[in-house]
Amino acid sequence: MPELPEVEAIREKIAPEITGRRITGVHVARAAVIRPQRASTIAKLAAGRKIEAVNRRGKNILVGLSGGYVIRVHLRMTGELKVAREGGNARVWFDLTGGRKLVFEDTRALGRVNVLTEAEVRKALAKLGPEPLSADFALERFTEEAARSRRPAKLFLMDQTHVAGLGNIYAAEALFRARLDPRKPMSETPRAKVAALHSTIVEVLREAMKSARIAYNRPGKFQEGEEFIPAVYGREGERCPVCGRKIRRIEQGGRSTYFCPRCQR
DNA sequence: TCGATCCTGTAG
DNA sequence: CTACAGGATCGA
């Protein structure tokens, strides 16, 4: 389920809980989740190593280990990563010194957990676009790539190579705020609109980050104004908050896209 | 650049 | 029963 803001919030939450601990055991309850590796392989690679850092790139969580190894976790649709006392429903978990476990749960088992060298991680992530909440997310490059892509705007955003970390919700919300038609080829989008989109991507992700931090660090309900509430995502048939027209749902790349047919052209 | 595929749970 | 789900990869 998670996009960049949720992944980052999880990283922030677990980092202080696991950094400095050592891995004493590795358990794999579902082999598909570590594919193409084997349980014996990741156990051998991770056991005995110390957790030195917890980083993130796009939607990947990267747990840096001593000796130049990294646990790469991708949550995909339903993955969760947390620190717990027991493995519970985990697909994979790592025993840590101090009596805690780093637990990966995932009902659909579409997520991935792998133990790789730093070089392998670099290679695997080489095609990822810039981090949208960093200075690397330059308008110039974004504009150039937009001008070269004939893909529909929504698919362009979800591609991960032009900008990292956007998923179905925040892509739709950024397009709505920039008033762009998700179906329109990116290359046909006027320069000013591309610049607007660049801004709304950052804006939407910053707002979502605030909500995600609250959700992961303070169990319970959101207070007024704390929750990120989508304007269009998941709102087929409801009124557009700007113009009142009914929100439409279409299919793009096998996924739902929600948009306002009047505001977004 | 597109479609099929990987999985399971839940809602209608 | 079918549709759908906050995602990515691979092969054509």
Side-chain angles (χ1 to χ4, degrees), chain A residues 1-11 28-37 56-62 72-81 89-92 104-114 116 120-121 123-129 132 145-176 182-188 201 204-205 207-213 215-216 222 227-237 247-259:
Chain A
M1 338 172 336
E3 303 182 34
L4 183 151
E6 294 76 27
V7 175
E8 173 61 15
I10 290 169
R11 184 199 72 75
V28 178
R30 174 65 85 87
V33 163
I34 61 168
R35 209 160 44 195
Q37 294 186 298
R56 179 191 58 75
R57 182 76 173 87
K59 300 174 197 171
N60 297 274
I61 295 176
L62 304 170
R72 176 204 185 188
V73 179
H74 198 301
L75 305 173
R76 293 279 183 97
M77 304 282 253
T78 52
E80 297 174 56
L81 188 65
N89 299 316
R91 303 298 197 183
V92 177
F104 176 77
E105 296 178 352
D106 187 359
T107 44
R108 286 174 73 178
L110 292 171
R112 287 293 179 273
V113 176
N114 295 104
L116 307 170
E120 288 169 332
V121 171
K123 190 172 175 187
L125 303 183
K127 289 185 168 177
L128 269 188
E145 294 186 6
R148 268 187 268 117
S149 172
R150 302 188 40 72
R151 303 191 75 185
K154 164 95 169 334
L155 298 180
F156 177 84
L157 290 185
M158 292 188 57
D159 178 277
Q160 307 299 310
T161 68
H162 311 297
V163 53
L166 283 175
N168 212 17
I169 296 183
Y170 303 129
E173 296 300 311
L175 287 165
F176 173 74
R183 301 166 295 185
K184 202 135 171 217
M186 210 51 214
S187 55
E188 292 175 22
I201 288 167
V204 162
L205 291 176
E207 287 177 28
M209 270 293 349
K210 286 190 190 174
S211 293
R213 284 195 176 108
Y216 283 98
F222 287 109
E227 186 176 11
F228 182 94
I229 299 173
V232 290
Y233 179 82
R235 297 189 179 278
E236 181 183 20
I247 307 290
R248 278 190 62 193
R249 183 177 78 83
I250 59 172
E251 193 151 308
Q252 290 186 292
R255 330 257 329 255
S256 290
T257 297
Y258 300 86
F259 70 107

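Letters go in sequence order (proteins before strands), and every chain restarts at 1. Below, each value reflects all heavy atoms present in this structure, side chains not excepted, and no hydrogens, waters or symmetry copies.
Atom CG of A:Asp159 and atom P of B:dG3 are 15 Å apart (whole Å). Here C:dC10 presents its C1' atom at 11 Å from NZ of A:Lys127, a figure rounded to the nearest Å. Between A:Lys154 atom NZ and C:dA8 atom P there is a gap of 12 Å when expressed in whole angstrom units. Taking atom CD of A:Glu80 as the reference point, atom P of C:dA5 lies 19 Å away to the nearest angstrom. Atom C1' of nucleotide C:dG7 and atom CZ of A:Phe104 are separated by 12 Å, given to the nearest angstrom. As a whole-Å value, the separation of A:Arg150 CZ from B:dC2 C1' is 14 Å. Rounded to whole angstrom, the span from the CE atom of A:Met158 across to the P atom of B:dC2 amounts to 14 Å. Atom-to-atom, CZ of A:Arg76 to C1' of C:dA8 comes out at 4 Å; the value is rounded to the nearest Å.
Scanning both residues, A:Leu166 and A:Lys59, for their nearest heavy atoms gives O-NZ, 3.0 Å. Between A:Glu3 and A:Ile169, the shortest heavy-atom distance links the atoms OE2-N, 2.9 Å.
Dashed line: the shortest gap from a side-chain N or O of A:Arg91 to OP1 or OP2 of B:dC7 is not under 4.0 Å. Residue A:Arg255 has a polar side-chain atom (N or O) positioned under 4.0 Å from OP1 or OP2 of C:dG7. Using a 4.0 Å cut-off, some side-chain N or O of A:Gln160 falls inside it from OP1 or OP2 of C:dA8. Taking 4.0 angstrom as the limit, A:His74 places a side-chain polar atom (N or O) nearer than this to OP1 or OP2 of C:dA8. Regarding contacts with the backbone of B:dT8, a side-chain N or O of A:Arg30 is found under 4.0 angstrom from either OP1 or OP2. Note on A:Ser256: a side-chain N or O is less than 4.0 Å away from OP1 or OP2 of C:dA5.
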Next on the checklist: For a side-chain contact (heavy atoms from CB on, under 4.5 Å) check, start with the C-alpha distance between A:Leu4 and A:Arg56, then their side-chain angles and the critical distance, and finish with the verdict.
Outcome noted: CA-CA 9 Å; A:Leu4 183 151; A:Arg56 179 191 58 75; 3.3 Å; yes
Item to check | A:Arg151 vs A:Asp159, salt bridge (Lys or Arg N to Asp or Glu O under 4.0 Å): CA-CA, chis, key distance, verdict | outcome: CA-CA 10 Å; A:Arg151 303 191 75 185; A:Asp159 178 277; 3.0 Å; yes
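C:dA3 and B:dA4: their P atoms are spaced 14 Å apart (whole Å). A distance of about 16 Å separates the P atoms of B:dC7 and C:dG11, rounded to the whole Å.
C:dA8 and B:dT5 make up a base pair, with Watson-Crick or G-U wobble contacts both under 3.5 Å.
Between A:His162 and A:Phe156, the ring-plane angle classifies as parallel under the 30° and 60° cut-offs.
For A:Arg35, counting side-chain heavy atoms from C-beta on, the closest listed nucleotide (B:dC2, B:dC6, C:dG7) is B:dC6. Relative to the side chain of A:Arg108, the nucleotides C:dG7, B:dT1, B:dC7 differ in distance, and B:dC7 lies closest.
Looking at A:Arg11 and A:Glu8, a side-chain N of the basic residue comes within less than 4.0 Å of a carboxylate O on the acidic one, giving a salt bridge.
Taking only distance into account, the side chain of A:Arg112 never meets the base of C:dA8 through a donor-acceptor pair shorter than 3.5 Å.
Looking at which nucleotide of DNA chain C each of A:Leu166 and A:Arg249 is closest to, the 5′-most match is held by A:Arg249.
Counting any heavy atom pair closer than 4.0 Å across all strands shown, A:Tyr258 reaches sugar-phosphate atoms only and no base atom.
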